[in-house]
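The structure under discussion appears below in the form of structure tokens.
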Protein chains: 2
Amino acid sequence: MRKRENIILKTIKDKGLKITPQRQLIGEVLDGNKTHPSAEDVHKKVSEIAPTVSIATVYKTLNSLADLGVIQRLDVGDGKTHFDPDITAHSHFVCLNCRKIFDVATSVPLPDLGKDFKVVRAQAVYYGYCKECQDQTEE
Amino acid sequence: MRKRENIILKTIKDKGLKITPQRQLIGEVLDGNKTHPSAEDVHKKVSEIAPTVSIATVYKTLNSLADLGVIQRLDVGDGKTHFDPDITAHSHFVCLNCRKIFDVATSVPLPDLGKDFKVVRAQAVYYGYCKECQDQTEE
DNA sequence: AGTTCTTTTTATAACCATTCCTAATCCCTC
DNA sequence: GAGGGATTAGGAATGGTTATAAAAAGAACT
């Protein structure tokens, strides 16, 4: 069984960017991450291993990766940008109580809005209450 | 032909809030507004008539109205919250070039995600290029 | 009109996420 | 091992939003 390659680090390399220790760490934190972390979340994780990595570097790397299309920016209305390394077609569910973000398989197709609007991306966000928070408020 | 009533001001009254001159103005700016203004946009408009109205009052009023459900918060990833007095089911198209927000009739239905996720609201945002910006980049 | 109680507004400070700036550092190549 | 480009750290700056506290405005009652 061989180790799955980290697509994020691969893309950094492919695009001619340098694999620095900072980027390596950020790539590892993101790889396969299903928690939709904010920049601060990523920085916290990275800091556990390399406490000197600055938040500015984290922002810069995340923005580069998003611009390259290897990760996705995700806005759910909580004032911070979240990042999702899963760029396959899927939507998100946000719990209005605990604010956790969940992946949902349902994806909205790119609609045809006529030639006045050339659609290149569709993002659906569903709001509601997750299992845990439903149970909690029921008692 | 009689004047259409302003649903926003009506709701303020119905909920027991006072109709102050400030709220009156904000209500009038919002009523029928299709431009999806940010708090700052609203404040600018209001200031043309009453220059002493503070931005804090605008924020407080907009948040109250959104919490009451007469207007809708709208996040499109530009760092600021936009407000939409149209609360009927519809989606939004955001131009990646000029950042203008357009209404689109298409609306996504509330999906059934099983009992683990109780969905109460669905929001779809489409990104792309509007007519004007398509023309602009073509030449 | 005056008193009291509540709501609302204002102005300013505080807050937080994000970006900017600049000097220092690293890596490559000559 | 010196120059040059890319990258980083750290802190200052920015911009949207909210908190705070004091003043103003209303309403109810006398």
Side-chain angles (χ1 to χ4, degrees), chain A residues 8-9 11-29 36-68 71-84 99 101, chain B residues 8-9 11-29 36-47 49-68 71-84 94 99 101:
Chain A
I8 293 168
L9 294 175
T11 307
I12 290 177
K13 212 186 309 171
D14 289 353
K15 297 285 176 176
L17 299 178
K18 292 174 186 165
I19 304 263
T20 65
Q22 293 86 342
R23 285 173 181 164
Q24 176 107 31
L25 278 169
I26 294 166
E28 279 165 17
V29 167
H36 313 88
S38 66
E40 202 205 329
D41 294 333
V42 173
H43 182 235
K44 214 172 286 172
K45 273 278 179 197
V46 167
S47 294
E48 288 171 13
I49 297 152
T52 66
V53 173
S54 81
I55 186 77
T57 299
V58 173
Y59 271 104
K60 231 176 295 178
T61 303
L62 290 172
N63 280 330
S64 304
L65 292 174
D67 292 344
L68 291 174
I71 65 174
Q72 220 181 358
R73 289 192 185 85
L74 180 57
D75 264 286
V76 298
D78 67 345
K80 28 189 150 176
T81 304
H82 294 258
F83 296 88
D84 190 348
R99 306 301 310 187
I101 303 170
Chain B
I8 293 168
L9 293 176
T11 307
I12 290 176
K13 211 186 311 171
D14 288 354
K15 297 285 175 176
L17 298 178
K18 290 174 188 166
I19 305 263
T20 65
Q22 292 87 340
R23 286 174 179 164
Q24 176 109 29
L25 278 169
I26 294 167
E28 278 164 17
V29 167
H36 312 88
S38 65
E40 202 205 329
D41 295 333
V42 173
H43 183 236
K44 213 172 286 171
K45 272 278 178 196
V46 167
S47 295
I49 297 152
T52 65
V53 174
S54 83
I55 187 77
T57 299
V58 173
Y59 270 105
K60 232 174 294 180
T61 303
L62 290 173
N63 281 329
S64 303
L65 292 173
D67 291 344
L68 290 175
I71 66 175
Q72 222 182 356
R73 289 191 185 83
L74 180 57
D75 265 285
V76 298
D78 66 348
K80 30 189 149 174
T81 303
H82 294 259
F83 295 88
D84 190 349
V94 181
R99 305 300 311 185
I101 304 170

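Letters A, B, ... are given to chains in the order of the sequence lines, protein chains preceding strands, and every chain is numbered from 1. Values below: every heavy atom of this structure, side chains too, minus hydrogens, waters and symmetry copies.
Rounded to whole Å, atom C1' of D:dG11 lies 13 Å from atom NE2 of A:His43. Here D:dG15 presents its C1' atom at 13 Å from NZ of B:Lys44, a figure rounded to the nearest Å. Regarding A:Leu17, its CG atom lies at a distance of 17 Å from the P atom of D:dG5, rounded to whole Å. Distance CG (B:Leu62) to P (C:dT8): 15 Å, rounded to an integer number of Å. Between the CD atom of B:Gln24 and the P atom of D:dA25 there is a distance of 17 Å, given to the nearest Å. Note: CD1 (A:Ile12) to C1' (D:dT8) measures 14 Å, nearest angstrom. Distance, B:Ile19 CD1 to D:dG26 P: 13 Å, rounded to whole Å.
For the pair A:Arg73 and A:Asn63, the minimum side-chain heavy-atom distance is below 4.5 Å. When side chains are defined from C-beta on, A:Asp75 does not count as touching B:Val76, because their heavy atoms never get closer than 4.5 Å.
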### Message
Does the protein touch nucleotides 14-28 of chain C at the base, only the backbone, or not at all? Give it as B, S and - per nucleotide, heavy atoms under 4.0 Å.
### Response
---SBBB--------
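In summary, the side chains of A:Asp67 and A:Ser64 do not present any donor paired with an acceptor at a separation below 3.5 Å, with no hydrogens or angles considered. In this structure, a donor-acceptor pair under 3.5 Å is absent between the side chains of B:Asp14 and B:Thr11.
In this structure, CG on B:Leu17 lies 6.0 Å from CG on B:Leu68, to the nearest 0.5 angstrom.
Under 4.0 angstrom from either OP1 or OP2 of C:dT10 there lies at least one side-chain N or O belonging to B:Thr57. In terms of phosphate contacts, B:Gln22 brings a side-chain nitrogen or oxygen within less than 4.0 Å of OP1 or OP2 of C:dT10.
The pair A:Lys44-A:Glu48 does not count as a salt bridge, with every side-chain nitrogen at least 4.0 angstrom from each carboxylate oxygen.
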